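Note that these values count all heavy atoms, side chains included, but never hydrogens, waters or copies made by symmetry. The first residue in the sequence is number 1, and the count goes up from there. Remember, predicted model here, so these are calculated numbers, not experimental data.
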Amino acid sequence: WGSNGLATRICTLQVDDALRPWINVPSDPDGKLLKALDAVGTRNTVRDALYWSELYGGSLVLLLLKDGSERLEMPLRNPKAELAGMRVIPATREQVATNQTDIQLNQNSKYFGDIETHRINRMDGGQYLAHASRLIKVTGFPAAPSKEIEWRYRFFGISRIQACLDRMSNYDVTANGMANIVHQLQVGKLTVDGLREILANEETAEAGFK
């Protein structure tokens, strides 16, 4: 991402194209809603969430809401609570620690078969819990169930860049192999005794052959 310009473009091109016109709200001619969204950095949040989804296969957007609760692991009771800010969390091992054991098994829960509470690692080495009602999950390409694919990739999805880099890596191996073959080739010099006489048995033709 940081050193490969092509890799960066793979993950950002479609996102940038999609967000360039941003959004239009016909029922908000004065633009009050857009100003409110801009105040909490919505556009940048959406961009980063999609960037990391393309790169890592997924991301989480943590909504910081003024709902009277300071415990992020508690379900959101007031969906109309004021939004104070948002944080984007890339779905990497270093930051999202959720695994199969966090799947909700209670059939009476609306989160049955899904993750109700995510475990998120802090940058300082600590960890906190965040309820799904306070998160927006952004996923990459879906992956079919397979023992060869790690669960976290099946849950969040597969990175867009992975298949591209795998194919490019195979191409590089082939190109380097061909370059080595060409480098080792030697141009030989073939001589045939009496070649001029064979090709031109007349004096004028032999003069032209020279």
Side-chain angles (χ1 to χ4, degrees), residues 1-67 72 76 79-98 110-111 113-116 118 120-121 123 130-146 149-172:
W1 175 268
S3 61
N4 190 319
L6 180 58
T8 305
R9 293 298 289 166
I10 291 172
C11 292
T12 62
L13 182 61
Q14 289 188 331
V15 175
D16 290 342
D17 286 346
L19 296 182
R20 188 171 293 110
W22 196 211
I23 57 176
N24 180 32
V25 185
S27 60
D28 183 34
D30 296 330
K32 293 182 179 180
L33 177 59
L34 290 178
K35 290 179 181 178
L37 292 174
D38 290 340
V40 292
T42 304
R43 189 168 184 172
N44 289 339
T45 299
V46 172
R47 179 201 63 199
D48 292 347
L50 293 176
Y51 276 1
W52 302 147
S53 178
E54 298 287 78
L55 180 60
Y56 296 116
S59 62
L60 295 172
V61 179
L62 175 62
L63 305 176
L64 304 177
L65 299 158
K66 297 181 180 180
D67 64 329
L72 296 175
L76 179 64
K80 295 184 179 180
E82 181 182 351
L83 180 63
M86 293 173 283
R87 298 292 184 272
V88 181
I89 306 161
T92 65
R93 286 192 181 93
E94 290 74 19
Q95 292 198 261
V96 180
T98 309
K110 68 177 183 179
Y111 297 101
D114 202 347
I115 305 296
E116 182 172 3
H118 282 273
I120 301 170
N121 293 328
M123 300 300 291
H131 194 268
S133 60
R134 300 177 182 274
L135 294 166
I136 297 175
K137 182 175 70 174
V138 184
T139 59
F141 293 107
S146 171
I149 300 177
E150 292 186 40
W151 177 84
R152 72 187 190 97
Y153 294 119
R154 297 202 303 269
F155 181 77
F156 277 106
I158 300 175
S159 165
R160 177 187 294 273
I161 200 175
Q162 189 62 52
C164 296
L165 290 185
D166 288 345
R167 183 62 59 87
M168 290 167 59
S169 177
N170 293 337
Y171 172 78
D172 286 343

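Scored by the side-chain hydrogen bond (donor to acceptor under 3.5 Å, both in side chains) test, Thr139 finds no partners at all (sequence neighbours excluded). For the side chain to side chain contact (heavy atoms under 4.5 Å, CB included) test, residues two or more places apart in sequence or in another chain that qualify with Thr42 are Trp22, Leu37, Val40, Val46, Met86. With sequence neighbours left out, the side chain to side chain contact (heavy atoms under 4.5 Å, CB included) criterion links Glu150 to Arg93, Arg152, Tyr153. Taking the side-chain hydrogen bond (donor to acceptor under 3.5 Å, both in side chains) definition, one finds that Thr98 meets it with His118, sequence neighbours left out. With sequence neighbours excluded, the residues forming a salt bridge (charged side-chain N to carboxylate O under 4.0 Å, His left out) with Asp114 are Lys137, listed by chain and number. In this structure, the side chain to side chain contact (heavy atoms under 4.5 Å, CB included) partners of Ala49, at least two apart in sequence or on a different chain, are Ser59, Val61, Val88, Val138. For Ala81, the side chain to side chain contact (heavy atoms under 4.5 Å, CB included) partners two or more places apart in sequence, or in a different chain, are Leu65, Asp67, Asn78. Qualifying ring pair (Phe, Tyr, Trp, His ring centres under 6.0 Å) partners for Phe141, counting only residues two or more places apart in sequence or in other chains: none.
The aromatic rings of Phe155 and Trp151 sit parallel to each other, their planes meeting at less than 30°, with 60° as the upper class boundary.
The shortest side-chain heavy-atom distance between Ser159 and Tyr56 does not fall under the 4.5 Å cut-off. You'll find the side chain of Leu63 stays beyond 4.5 Å of the side chain of Leu135, heavy atoms only. Considering only heavy atoms from C-beta on, Leu60 stays 4.5 Å or farther from Ile136 through its side chain. Residues Asn121 and Glu94 form no side-chain contact, since every pair of their non-hydrogen atoms from C-beta on lies 4.5 Å or further apart. Using a 4.5 Å cut-off on side-chain heavy atoms (C-beta onward), Tyr111 and Ser133 make contact.
Residue pairs meeting the salt bridge (charged side-chain N to carboxylate O under 4.0 Å, His left out) criterion with at least one member in residues 37-66, sequence neighbours excluded: Glu54-Arg160, Lys66-Glu82. Annotation: salt bridge (charged side-chain N to carboxylate O under 4.0 Å, His left out) contacts involving residues 7-24, sequence neighbours excluded, comprise Asp17-Arg20. Identified under the salt bridge (charged side-chain N to carboxylate O under 4.0 Å, His left out) test for residues 22-36, with sequence neighbours left out: none.
Between Cys11 and Tyr51, the shortest heavy-atom distance links the atoms O-CD1, 3.9 Å.
Between atom CG of residue Leu72 and atom CD1 of residue Ile120 there is a gap of 8.0 Å, rounded to the nearest 0.5 Å. Remark: His131 NE2 to Ile115 CD1 distance equals 11.5 Å, nearest 0.5 Å. In this structure, the separation between CG on Leu34 and CG on Asn24 is 8.0 Å, given to the nearest 0.5 Å.
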